[in-house]
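Notes for the one structure printed next.
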Protein chains: 2
Amino acid sequence: MSADAAPHAKPDLTRNQALVFGALEGAEAPLSAYTILDQLRDDGLRAPLQIYRALDKLVAFGLVHRLESLNAFVACNHPAGEADGESHGTAAFAICENCDSVAEFTEQDVAERLRSWAKTEGFEPHSTVIELRGLCEACRAA
Amino acid sequence: MSADAAPHAKPDLTRNQALVFGALEGAEAPLSAYTILDQLRDDGLRAPLQIYRALDKLVAFGLVHRLESLNAFVACNHPAGEADGESHGTAAFAICENCDSVAEFTEQDVAERLRSWAKTEGFEPHSTVIELRGLCEACRAA
DNA sequence: ATCGCACACGTTATACCATCACGCAATAAT
DNA sequence: ATTATTGCGTGATGGTATAACGTGTGCGAT
Ligand SMILES: [Zn+2]
Ligand SMILES: [Zn+2]
Ligand SMILES: [Zn+2]
Ligand SMILES: [Zn+2]
């Protein structure tokens, strides 16, 4: 195999991973695995497992986040920092229930407080889910 | 109908609601809707919808929480016995990936910080999901 | 009384989400 | 060459959630 699908400064993605990531990057709302599959049929993807395998890797790379309250996925869109280091464990999401937009943010104090609680209780956190559901500013105005 | 909205009123439960709530109270781990269904076959419940309808009500009453990262449900078990009022919107959960135990807790500062972010961004939150996945103290020791 | 309405209930069918189990191919190490 | 690792493709299966329809009961208004 020669080609790499996109000249971006990311870890080397396989063809399937690049296709799935492209779908998520181009979307304006979270996509379910099956929606991604539908969009990629013309590119030769046919089975859910092809999507889920790619998503697993992309999540592991930190390029994609899974939204637990939606059973759906978004491309990482950190406010400032990039896809490495501390920010991974602490990302939070504000999901608009009207327009499906997702704002990704990090509140250091929130993560701090949760870590502090865990330490006190002897709990060893491996991952943290923080998701706000509600109305974004634009939809509130309308 | 009970006009009682929030404070220490355990609304009258219908038969199905009582059965589902009983199953959750008696469990030591979160239960999926279908697991509850299996447990209640002998009581005459036969279809998923009967479970989901009861769960919707119980969640609305604040007697049960849905764990988004597990697609499962637990009976409310607030730490200090404040089983009503303010604490509902801000509950957080620490879920052990080894023994499936769930600790429910509230960190006022966490809720505060998230509300503060929302206010700044013009986001109007309707509900908040905070779930920690990891190892509880007992399982860490073992 | 009986009509209308709200609400819980029961059932079937279907849609949507996720993984298992198998086998094959390409690559890297021994 | 043999083995280990990783990604890929496919069919089958299992788990989660709702749509659509119809029934029955309680209760206030007529
Ligand atoms: Zn991110
Ligand atoms: Zn919106
Ligand atoms: Zn609670
Ligand atoms: Zn444990």
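In what follows, chains are A, B, ... by sequence order, proteins preceding strands, each numbered from 1. Since the structure is predicted, the reported quantities are computational estimates derived from the model, not experimental observations.
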How long is the line joining [atom1] of [X] and [atom2] of [N], in whole Å?
| X | N | atom1 | atom2 | value |
| --- | --- | --- | --- | --- |
| B/L19 | C/dG10 | CG | C1' | 15 Å |
| B/D56 | D/dT16 | CG | P | 16 Å |
| A/L37 | D/dG11 | CG | P | 13 Å |
| B/L31 | D/dA17 | CG | P | 13 Å |
| A/R15 | C/dA25 | CZ | P | 19 Å |
| B/D43 | C/dG10 | CG | P | 12 Å |
| B/K57 | C/dA8 | NZ | C1' | 9 Å |
| A/R41 | D/dG9 | CZ | C1' | 14 Å |

Taking the side chain as every heavy atom from C-beta outward, state whether B/F105 and A/L114 have any atom pair closer than 4.5 Å.
yes
Which nucleotide wins on minimum distance to the side chain of [X], given the candidates [options]?
| X | options | value |
| --- | --- | --- |
| A/R46 | D/dG7, C/dT11, D/dT10 | D/dT10 |
| B/R53 | C/dT11, C/dC17, D/dA17 | C/dT11 |
| A/Y52 | D/dG9, C/dC17, C/dG10 | C/dC17 |

Backbone of B/N77 reached by a side-chain donor or acceptor of B/E104 within 3.5 Å:
yes
Polar side-chain atom of B/Q50 near backbone of B/L45 as donor-acceptor pair, under 3.5 Å
no
Between B/R66 and A/P48, which is nearer to the 5' end of DNA chain D once each is assigned its nearest nucleotide?
A/P48
Counting only side-chain nitrogens and oxygens, does [X] get under 4.0 Å of the OP1 or OP2 atom of [N]?
| X | N | value |
| --- | --- | --- |
| B/Q50 | C/dC9 | no |
| B/N71 | D/dG15 | no |
| B/T14 | C/dA8 | no |

Looking at A/E68 and A/R66, is there a salt bridge between them, counting it only when a charged N and a carboxylate O are closer than 4.0 Å?
yes
Under 4.0 Å between a Lys/Arg side-chain N and an Asp/Glu carboxylate O for B/R115 and B/E112?
yes
Quick one: does B/Y34 reach the base of D/dA17 with a side-chain donor-acceptor pair under 3.5 Å?
yes
Touch class at under 4.0 angstrom, heavy-atom based, for B/L49 against every strand present:
base
Could you check whether A/A47 gets within reach of a base, just the sugar-phosphate, or nothing at all, counting any heavy atom under 4.0 Å?
base
Nearest-nucleotide 5' precedence on DNA chain C, A/T35 against B/G44
B/G44
